[in-house]
Amino acid sequence: MSNGATTPSQTVGPYLHIGLPWADGPYALAESADGGIWIRGTLYDGAGDPVPDGLIETWQADPDGRFDHPDDPRGARSWPGFRGFGRCETDAAGRFGIRTLKPGPVPGADGALQAPHIDVSVFARGMLHRTVTRIYFPEETRANAADPVLAAVPESLRATLVARAAEDGAGSASEAGDYVFDIRLQGSGETVFFDI
């Protein structure tokens, strides 16, 4: 065992664009599969400037609220063309996009249903660790009101966790039902992040 001094922690750096993204990373749902939605947004820093070298990861249930994972107590179940995981680096303007399926409600720890949501990890320069947040859907008013996680967030901050419907499809590859979810790491309108 070494008795030498440890080196200090390193912040997330420019390697994000070197080894972590992959070609179909933004496609939690296969590009050719029907029924997909796009969730697009911009990652902003504390000064309100776009973060051009961030990385967004998403993890979610399928439309039936099931996971294709052995830890799902109901048993893993796959959905054609859907892997439930997406990864997208931000572009020069801080933009990202994930093509996926809208998830269904999932059981929480006490058996109560959680509103449909997508879990999100954010990696960016200057951060020692990822931050974690959720995307909820604006049309799920009743489910959102009953969601135990969302209820734990002060009411004045809950809107930072709810996507908005894209007014114009948010891009040339738009599909009906697209959403916009901007992420603000600090400052005015800071997104709520969870301690996990």
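Quick caveat, the model's predicted, so the values are computed rather than measured.
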(Q) Nearest 0.5 Å, please: how far is CG in D62 from OG1 in T100? (A) 10.0 Å

Q) side-chain contact (heavy atoms from CB on, under 4.5 Å) with R158: which residues, sequence neighbours excluded? A) L150, V153, E155

Q | side chain to side chain donor-acceptor pair (under 3.5 Å) partner of S121, chosen from R87, R130, E57 | A | R130

Q.
With salt bridge (charged side-chain N to carboxylate O under 4.0 Å, His left out) as the criterion, how do R74 and D72 come out once you've worked through the C-alpha distance, each side chain's angles and the decisive distance to 0.1 Å?
A. CA-CA 5 Å; R74 301 161 293 176; D72 189 321; 2.8 Å; yes

Q: May I ask you to decide if F137's main-chain N or O and N144's side chain share a donor-acceptor pair within less than 3.5 Å?
A: yes

Q.
Please say yes or no: joined through hydrophobic side-chain contacts below 4.5 Å, possibly via intermediate residues, are I39 and V51 part of one cluster?
A. yes

(Q) As an exercise, state the distance from CG of L43 to SG of C88, rounded to the nearest 0.5 Å. (A) 11.0 Å

**Q.** Shortest non-hydrogen contact from R83 toward W59
**A.** O-CZ3, 4.4 Å

Q. Is any side-chain N of the basic residue among R142 and D147 closer than 4.0 Å to the acidic one's carboxylate O?
A. no

Q) Which heavy atom in W22 sits nearest to a heavy atom in P26, and how many Å separate them? A) O-CD, 4.1 Å

**Q.** Heavy-atom pair of closest approach, residues A28 and I98
**A.** CB-CG2, 4.3 Å

**Q.** Those residues that, when tested against D71, pass side-chain contact (heavy atoms from CB on, under 4.5 Å) (two or more places apart)
**A.** H69

(Q) To the closest 0.5 Å, what do you measure between CD (E31) and CZ (R99)? (A) 7.0 Å

Q: Report the residues that fulfil side-chain contact (heavy atoms from CB on, under 4.5 Å) with V162, sequence neighbours left out, ordered by chain and then residue number.
A: Y136, P138

Q: Taking side chain to side chain donor-acceptor pair (under 3.5 Å) as the test, write out the residues that go with D68, two or more places apart.
A: none

Q. Minimum heavy-atom separation for A76 to P70, with atom names?
A. CB-N, 4.1 Å

Q.
What I want to check is whether the side chains of R134 and Q114 have a donor and an acceptor closer together than 3.5 Å.
A. yes

Q) Where is the tightest heavy-atom contact between P116 and P105, given as atom of each residue plus distance? A) CG-N, 3.9 Å

Q.
Could you see if I118 belongs to whatever hydrophobic cluster contains V122? Use Ile, Leu, Val, Met, Phe, Trp, Tyr and a side-chain cutoff under 4.5 Å.
A. yes

Q) If you round to the nearest 0.5 Å, how far is CD1 of I135 from CZ of F181? A) 5.0 Å

(Q) What I want to find out is whether R164 reaches D182 closely enough, with some N-O distance under 4.0 Å, to be called a salt bridge. (A) yes

Q: Assess whether salt bridge (charged side-chain N to carboxylate O under 4.0 Å, His left out) is satisfied between R95 and E89, documenting all intermediate values.
A: CA-CA 8 Å; R95 296 174 298 202; E89 71 272 28; over 6 Å; no

**Q.** From CD1 (I183) to CG (D45), nearest 0.5 Å
**A.** 13.0 Å

Q) Taking all atoms of both residues into account, what is the closest heavy-atom pair of G65 and V106, and its distance? A) O-CG1, 3.5 Å

Q. Roughly how far, to the nearest 0.5 Å, is the NZ atom of K102 from the CD1 atom of I37?
A. 7.5 Å

Q) Who else is in L29's hydrophobic cluster (ILVMFWY, side-chain heavy atoms under 4.5 Å, direct or via others)? A) W79, F82, L101

Q: Carefully, step by step, assess Y27 and W38 under the rule ring pair (Phe, Tyr, Trp, His ring centres under 6.0 Å).
A: CA-CA 9 Å; Y27 293 92; W38 276 99; 5.6 Å; yes

Q | Derivation of the side chain to side chain contact (heavy atoms under 4.5 Å, CB included) call for D119 and Q60 | A | CA-CA 6 Å; D119 295 312; Q60 65 170 94; over 6 Å; no

Q | Heavy-atom side-chain contact between L55 and T90 under 4.5 Å | A | no

Expected list for residues 185-196: side-chain donor-acceptor pairs under 3.5 angstrom, two or more places apart:
from: T191; atom 1: OG1; to: R184; atom 2: N; distance (Å): 2.9

